[in-house]
Amino acid sequence: MSGPVRVRFAPSPTGTLHVGGARTALFNFLFARHHGGTFILRIEDTDRERSTQESVGAIFEGLRWLGIDWDEGPDKEGAHGPYFQSARLAGYTAAAGRLLEEGKAYRCFCAPEELKRRREAALKRGEPPKYDRTCLRLPPRESDARAAAGEPHAVRYRMPDDGETAWNDAVRGDVTFQNATLDDLVIFRADQHPTYNFAAVVDDAAMEISHVIRGDDHISNTPRQLRLYAALGLAPPVFGHVPMILGPDGTRLSKRHGAQSVMEFRDAGYLSEALVNFMALLGWAYDGERELFTLAELGEAFTLERCSKNPAIFNYEKLDWMNGEYFRALPLARRAELVAEHLRAEGALAPEAYADRTELERAVAAVGDRMKRPQQFLDYAAYLFVERVEPEQGPWEELLAKPGAPSRLRSFATLLEGAASLDHDALDQSSRALAKEEGVKFGDMVMPARIALTGKKVSPGIFDVIALLGRERTVRRLRDMADRIESAAGAAKA
Ligand code: GLU
């Protein structure tokens, strides 16, 4: 590799920051960190109709939340700014002028509707819809005169008719395109703005980008860009195309698979460290074994050689697992804080219900590893915040089907009422003894109690639940449930 490593993330600000774009940003960032290079953020906002300020803000917010800080870019002006393409128009105009002068590009006066009609006709005839070069045949004097008269026109780069364009891709190896398949590409539109391919080449060269790392949906742009580098007499960067991201069903990742934008993941309770770690493994692997990495560790480990050519699958379950790993590593006070933040934002509970931080911490500790995100807290702890438990349908039917359930609930209530303390071990011992006395398995004793206290068959450990509810509430719930089962059974008989 010659010269310093300079890489860029070059989003078009036309929407939110999606995980696909964020993964590209991350790979560039990690590559820069690995090589002690520079990571640049460049906003490709030459499409005036689709670019929005809101989207620029969303990109900044998403990258900052993930901890993907740029070394050069908006707010971090360096020697290669400005970093908004809309502020760099003069450079593109000059470069296009040079190509026109040198006869490597030509003006195209064909109207967009006419081009569309011709493209459709070509497709109908079964031919590739390439530009038919009507304007290449215009005598130069006529082209000059029409331009001088102010007639709107685009500028097209004249592709070679034959030969091939090839490169050694840092991820995919040798890639070759036949030039005959490439169109005479528009580099400047009639609205006086450059097209993506042209602006990207002019800027990547001006910003001295050493490596272009991007999604392989751009692979067909690369031969076009390489032709433009050659035409402008510029040395191209190294290209590395990372694989696309598919949903769990093997189709391109889209809305119907689930969350898409980085901020949606944040709002769903994912931790930025977990999302970064997860995205790093979309098309990159360390040794096929190790999966948990901090951002700094990723920077050390990341190389393009370890990127895969095969599509990456976005496995939401794995993300949940990974988030759980990061979440449970947080101190209890922090986990409780995040749960409280979520409860506040969601507003399902009155703030007084979880105002006591010590109580909330105890509840969070009891839920333990079952919770992968703060959003799952109430799945395991809702019973703490209700007056009366309404058991889920399945567990309720199970209670009804167990003939001895009410009497077991009552004897368990009596035991708890008289217990010297609600200490975990002491209760464990005395309730095992009770089960033995009554001639039932411990599990058959505990399950009805669990349903009576929480409404569910899955909950934190029963003695943790009892400790959290307190003696009075526990005893009341056990007896209340025994009454309800009996009256339901009575009603069924009658
Ligand atoms: N603006 C382009 C995009 O968002 C950049 C592609 C590239 O990295 O060259 O897809």
Side-chain angles (χ1 to χ4, degrees), residues 5-32 37-52 54-60 62-63 68 70 72-74 80 82-89 91-92 165 167 169-172 175 177 185-187 189 193-229 232 234 236-245 252-254 260-262 279 283 304 307:
V5 163
R6 291 177 55 81
V7 289
R8 82 317 190 258
F9 175 49
S12 307
T14 55
T16 59
L17 179 65
H18 281 204
V19 283
R23 192 266 317 245
T24 300
L26 176 64
F27 280 17
N28 278 283
F29 173 83
L30 296 177
F31 186 78
T38 305
F39 173 62
I40 296 150
L41 175 63
R42 181 174 78 222
I43 304 294
E44 302 210 325
D45 59 347
T46 56
D47 185 337
R48 304 308 293 160
E49 266 165 34
R50 298 180 58 228
S51 302
T52 67
E54 212 185 339
S55 168
V56 171
I59 291 166
F60 292 170
L63 291 176
I68 303 178
W70 50 99
E72 276 180 37
H80 299 76
Y83 296 91
F84 283 87
Q85 286 192 324
S86 55
R88 302 175 65 88
L89 293 177
Y92 316 126
T165 299
W167 75 96
D169 194 279
V171 176
R172 305 176 63 100
V175 184
F177 277 78
L185 157 93
V186 172
I187 57 175
R189 290 188 298 257
H193 280 75
T195 57
Y196 151 68
N197 276 305
F198 190 60
V201 165
V202 171
D203 284 344
D204 284 340
M207 295 182 175
E208 298 181 83
I209 298 301
S210 62
H211 296 72
V212 167
I213 301 165
R214 60 187 175 198
D216 67 6
D217 48 328
H218 280 288
I219 208 151
S220 63
N221 287 322
T222 304
R224 296 172 167 85
Q225 296 183 5
L226 282 166
R227 300 291 358 145
L228 293 173
Y229 278 102
L232 291 164
L234 299 167
V238 173
F239 287 93
H241 290 90
V242 296
M244 67 164 108
I245 303 174
R252 213 189 165 87
L253 189 67
S254 72
Q260 288 283 288
S261 88
V262 166
M279 288 193 305
L304 288 176
C307 287

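Both counts, for ligands and for their atoms, begin at 1 and track the order of listing. What's counted below: heavy atoms across the whole structure, side chains too, no hydrogens, waters or symmetry copies.
- Remark: Phe60 pairs with Trp70 by the ring pair (Phe, Tyr, Trp, His ring centres under 6.0 Å) rule, at least two apart or across chains.
- Protein residues having a heavy atom under 4.0 Å from any atom of ligand 1 are Arg8, Ala10, Pro11, Ser12, Glu44, Tyr196, Arg214, His218, listed by chain and number.
- Residues satisfying the ring pair (Phe, Tyr, Trp, His ring centres under 6.0 Å) criterion with Phe27, sequence neighbours excluded, are Phe302.
- For residues 206-226, the pairs satisfying salt bridge (charged side-chain N to carboxylate O under 4.0 Å, His left out) are Arg172-Asp216, with sequence neighbours left out.
- When all heavy atoms of Pro13 and Ile59 are compared, the closest pair comes out as CA-CD1, 3.9 Å.
- Judged purely by distance below 3.5 Å, without hydrogens or angles, the side chains of Asp45 and Gln85 never pair a donor atom with an acceptor atom.
- For the residue pair Tyr196 and Glu44, no side-chain donor N or O sits within less than 3.5 Å of a side-chain acceptor on the partner.
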